[in-house]
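Shown next, in structure tokens, is the structure this report addresses.
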Amino acid sequence: MGKQNELGVTPMSEDVSAWYNELVFKAELADRGPAKGTMVIRPYGYRIWELLQEQLDQRFKDTGHENAYFPLFIPQSYLQREADHVEGFAPELAVVTHGGGKELEEPLVVRPTSETVIGEMYSRWIASYRDLPVLINAWNNVVRWELRPRIFLRTTEFLWQEGHTAHADEADAMEETLKMFGVYQEFVRNVAAIPMVAGEKTPGERFAGAVRTYTIEGMMRDGKALQSGTSHYLGTNFAKAFDITFQDRDNEVRHVHTTSWGMSTRMVGAVILAHGDDAGLVLPPRLAPIQAVLVPIGRGDQGDAPRTKAYELADRLRAAGVRVHVDDRDASPGFRFNDWELKGVPLRIELGPRDLEAEQVLVAQRVGEVDDRGRPVKEAVGFDALATFVPERLDAYHDQLLQRAIAFRDEHSGPADDWATFGSLVERGFAAALHCGRTVCEDDVKARTGATPRCIPTDGADERGPCVACGEPSAYGKRVVFAKAY
RNA sequence: CGGGGUGUGGCGCAGCUUGGUUAGCGCACCUGCUUUGGGAGCAGGGGGUCGCCGGUUCGAAUCCGGCCACCCCGACCA
């Protein structure tokens with residue numbers, strides 16, 4: 001545990017890892033479960049997940065998908081049908097060997113992902129080209145045994161959504177893969193205010209069983225990358241393993257082409273690590289359980305009027321669609337200010353006897369201009385203007401956070417044309433370099449610097465040359481982004 | 001599985017080296033009074049099988065042996 005400041009949290013500037021761990025507990029986002037690697041998501045943290053879910057789910061529905069649910073238990077033999085898939089997941093499976101007091105004839109694995117059960121079901125449901133495409137998404141929990149858990153980032157059980165679609169041909173399936181890849185990119189930018197580097201995974205980093213894997217990689221405040229969402233084109237790998245076929249217009253029986261795509265509770269960790277600061281959480285408004293907190297000031301007779309007014313203003317804000325909370329706890333103003341800053345609430349609205357007289361409130365932004373004492377500059381807003389002011393300000397604040405994150409990412413990224421530059425860049429952020437694409441060389445880079453290839457950015461320019469690490473001719477015709485990753 | 005560390009009221013820690021009053025401190029909690037524009041004050045109060053098992057001893061939180069758990073750093077990973 002690091003040196004804690006007066007908030008009881010190690011400053012982020014001092015030790016990001018300690019800061020993250022302490023903040024997750026202090027801000028009441030989550031707690032550790034009794035079994036190693038498990039987490040309890042507390043109401044404040046779960047609300048962030050719910051907001052994320054609602055907005056992501058809407059996008060899935062808008063692109064023609066329907067939700068369904070598939071079982072938690074999968075016969076062990078199913079996992080084994082796709083060679084790469086078993087190999088990839090075998091080390092992290094939880095296996096149930098007993099049920100009802102008896103040893104099972106065939107062990108059941110607790111799903112680490114659902115390609116296999118879904119493949120089995122799709123093979124039953126699909127017979128004709130008229131049945132295609134199948135566009136289904138599932139919200140569920142999965143289990144992957146973790147050697148080194150970290151709350152939200154890597155837990156043995158986590159929540160996510162997994163989309164699974166089946167198509168008549170490669171073109172259609174690739175279109176779907178890229179469409180959902182695009183949905184994730186748009187979502188993280190417009191909802192989570194995180195600019196991500198989007199691109200394709202190198203063969204060594206591909207999903208087990210995928211032909212192509214696309215990823216969005218966010219930059220955290222310590223310059224490390226966090227894989228935050230993936231979209232896979234699975235080709236006919238699962239169709240062949242599970243015999244998912246259809247009869248086409250020309251009477252030919254063909255295998256379907258499938259895709260899968262997912263985003264998990266890890267995204268909550270991405271929000272914490274991409275926006276937070278020494279004072280605690282910084283939540284983007286579209287994911288903030290509380291977007292504006294009203295803090296009435298004054299005690300006893302002095303406090304009655306501000307409190308009453310605060311509730312009245314809260315009603316008006318709520319009517320304007322703002323998630324608002326009145327904090328009239330019997331605690332000092334300073335305590336309450338710090339508390340909501342720790343919890344990352346975008347706007348604080350102060351209302352004391354002096355303001356009441358002036359028919360106004362003071363609005364302070366969680367991240368924004370500060371005075372020479374480091375305190376936020378507070379803006380006076382008249383009572384009647386508040387309900388239009390707040391929603392506008394929340395949108396502007398979202399843009400500010402996004403711009404701040406873009407600037408941070410750009411300051412910590414750059415091209416690396418020689419080994420020395422590469423080494424120093426991955427110490428503080430992302431390095432874009434030409435690479436030979438050989439897995440042995442990727443492993444060597446990892447051993448020497450700790451960095452791994454995160455992706456081949458989709459928007460990268462055509463470029464060829466010697467590999468930054470070994471000098472062999474570069475692969476992919478583009479630069480690869482390398483970084484240390486969570 | 002390697003390397004490091006920690007287990008003492010809800011949380012954070014001290015005490016252990018050199019065994020010996022009733023195991024202490026801060027925060028949190030409860031009661032009362034005063035207090036409220038950047039973590040309020042005073043007074044009173046409740047709360048502990050000192051991770052577990054065994055050993056040494058007149059006596060163990062403290063010494064010895066074993067075990068367990070968790071955390072951090074590496075190898076696998078959304």
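Convention: sequence-line order gives letters A, B, ...; per-chain numbering from 1.
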**OP:** Please work out which of the three classes, parallel, tilted or perpendicular, describes the rings of A:Phe158 and A:Trp160, given edges at 30° and 60°.
**Re:** perpendicular

**OP:** Check the angle between the aromatic planes of A:Phe482 and A:His435 and answer parallel, tilted or perpendicular using the 30° and 60° thresholds.
**Re:** tilted

Original post:
Listed by chain and number, what are the ring pair (Phe, Tyr, Trp, His ring centres under 6.0 Å) partners of A:Trp145, not counting sequence neighbours?
Top reply: none

Taking atom [atom1] in both [N] and [M], what distance in whole Å separates the two?
N	M	atom1	value
B:C72	B:G20	C1'	37 Å
B:A40	B:G2	P	49 Å
B:G24	B:A61	C1'	12 Å
B:G9	B:C27	C1'	13 Å
B:U22	B:G66	P	32 Å
B:G48	B:A23	C1'	9 Å
B:U49	B:G45	C1'	24 Å
B:G51	B:G46	P	24 Å

**OP:** Enter the distance from A:Met12:CE to A:Trp19:CH2 here, rounded to the nearest 0.5 Å.
**Re:** 5.5 Å

Whole Å only: how far is the [atom1] atom of [X] from the [atom2] atom of [N]?
X	N	atom1	atom2	result
A:His85	B:C77	NE2	C1'	14 Å
A:Leu342	B:C27	CG	C1'	15 Å
A:Tyr486	B:C77	OH	C1'	15 Å
A:Glu205	B:C77	CD	P	7 Å
A:Asp327	B:U36	CG	C1'	13 Å
A:Met267	B:A78	CE	C1'	12 Å
A:Arg454	B:A78	CZ	C1'	11 Å
A:Leu362	B:G37	CG	C1'	8 Å

**OP:** Using the ring pair (Phe, Tyr, Trp, His ring centres under 6.0 Å) rule, collect all pairs that involve residues 259-287 of chain A, keeping only residues at least two apart or in two chains.
**Re:** A:Phe60-A:Trp261, A:His65-A:Trp261

**OP:** Could you note down all residue pairs passing ring pair (Phe, Tyr, Trp, His ring centres under 6.0 Å) where residues 200-223 of chain A supplies at least one of them, sequence neighbours left out?
**Re:** A:His85-A:Phe207, A:Phe89-A:Phe207, A:Phe181-A:Tyr214, A:Phe207-A:His232

Using atom names, set out every protein N or O paired with an N or O of nucleotides 69-75 of chain B below 3.5 Å, distance rounded to 0.1 Å.
| from | atom 1 | to | atom 2 | distance (Å) |
| --- | --- | --- | --- | --- |
| B:C72 | OP1 | A:Asn21 | ND2 | 3.4 |
| B:C73 | OP1 | A:Ser17 | OG | 3.4 |
| B:C73 | OP2 | A:Arg148 | NE | 3.4 |
| B:C73 | OP2 | A:Arg148 | NH2 | 2.6 |
| B:G74 | OP2 | A:Arg148 | NH1 | 2.9 |
| B:G74 | OP2 | A:Arg148 | NH2 | 3.3 |

Original post:
Is A:Trp160 stacked on the base of B:A78, with ring centres under 5.5 Å apart and planes under 30° apart?
Top reply: no

Under the side chain to side chain donor-acceptor pair (under 3.5 Å) test, residues paired with [X] that sit two or more places apart:
X	answer
A:Asp31	none
A:Asp304	A:Arg307
A:Asp443	none

Original post:
Would a line drawn from the ring center of A:His164 to the ring center of A:Tyr122 be shorter than 6.0 Å?
Top reply: no

**OP:** Kindly say whether, by distance alone, the side chain of A:Glu341 makes a donor-acceptor pair under 3.5 Å with the base of B:G38?
**Re:** yes

**OP:** Dot-bracket for RNA chain B, please, read 5' to 3', with Watson-Crick or G-U wobble pairs under 3.5 Å on both distances, ( ) within the strand, [ ] crossing, | other strand, . unpaired.
**Re:** (((((((..((((......[...)))).((((((.....)))))).....(((((..]....))))))))))))....

**OP:** May I have the step-by-step check of side chain to side chain contact (heavy atoms under 4.5 Å, CB included) for A:Cys455 and A:Gln227, ending in yes or no?
**Re:** CA-CA 10 Å; A:Cys455 68; A:Gln227 179 173 312; over 6 Å; no

**OP:** Please list, by residue number, the residues of residues 345-359 of chain A whose heavy atoms come closer than 4.0 Å to an atom of RNA chain B; answer none if no residue qualifies.
**Re:** A:Arg348, A:Glu350, A:Gly352, A:Pro353, A:Arg354, A:Asp355

Original post:
Listed in order of residue number, which residues of residues 365-387 of chain A have a non-hydrogen atom at under 4.0 Å from RNA chain B?
Top reply: A:Arg375, A:Pro376, A:Lys378

Original post:
Between A:Arg81 and A:Glu115, does at least one N-O distance fall below 4.0 Å, as a salt bridge requires?
Top reply: no

Original post:
Under a 4.0 Å N-O cut-off, is there an ion pair linking A:Lys343 with A:Asp339?
Top reply: no

Original post:
Is the shortest heavy-atom distance from the side chain of A:Met220 to the side chain of A:Val16 under 4.5 Å?
Top reply: no

Subject >> Sequence-distant partners of A:Ala380, side chain to side chain contact (heavy atoms under 4.5 Å, CB included), two or more places apart >> reply: A:Gln360, A:Leu362

Subject >> Within 45° cone and under 6.0 Å: A:Arg409 NZ/CZ vs A:Phe430 ring >> reply: no

For [X], which contact category applies under a 4.0 Å heavy-atom criterion: base, sugar-phosphate, or nothing?
X	value
A:Leu226	nothing
A:Glu146	base
A:Thr155	base

Any protein N or O atoms within reach of nucleotides 40-43 of chain B? Criterion: under 3.5 Å, listing atom names and distances.
| from | atom 1 | to | atom 2 | distance (Å) |
| --- | --- | --- | --- | --- |
| B:A40 | OP1 | A:Ser332 | OG | 3.0 |
| B:A40 | OP2 | A:Ser332 | OG | 2.4 |

Original post:
Side-chain donor-acceptor pair under 3.5 Å between A:Asp84 and A:Asn237, yes or no?
Top reply: no

Subject >> Candidates A:Met196, A:Lys224, A:Lys201 - the one meeting side-chain contact (heavy atoms from CB on, under 4.5 Å) with A:Glu217 >> reply: A:Lys201

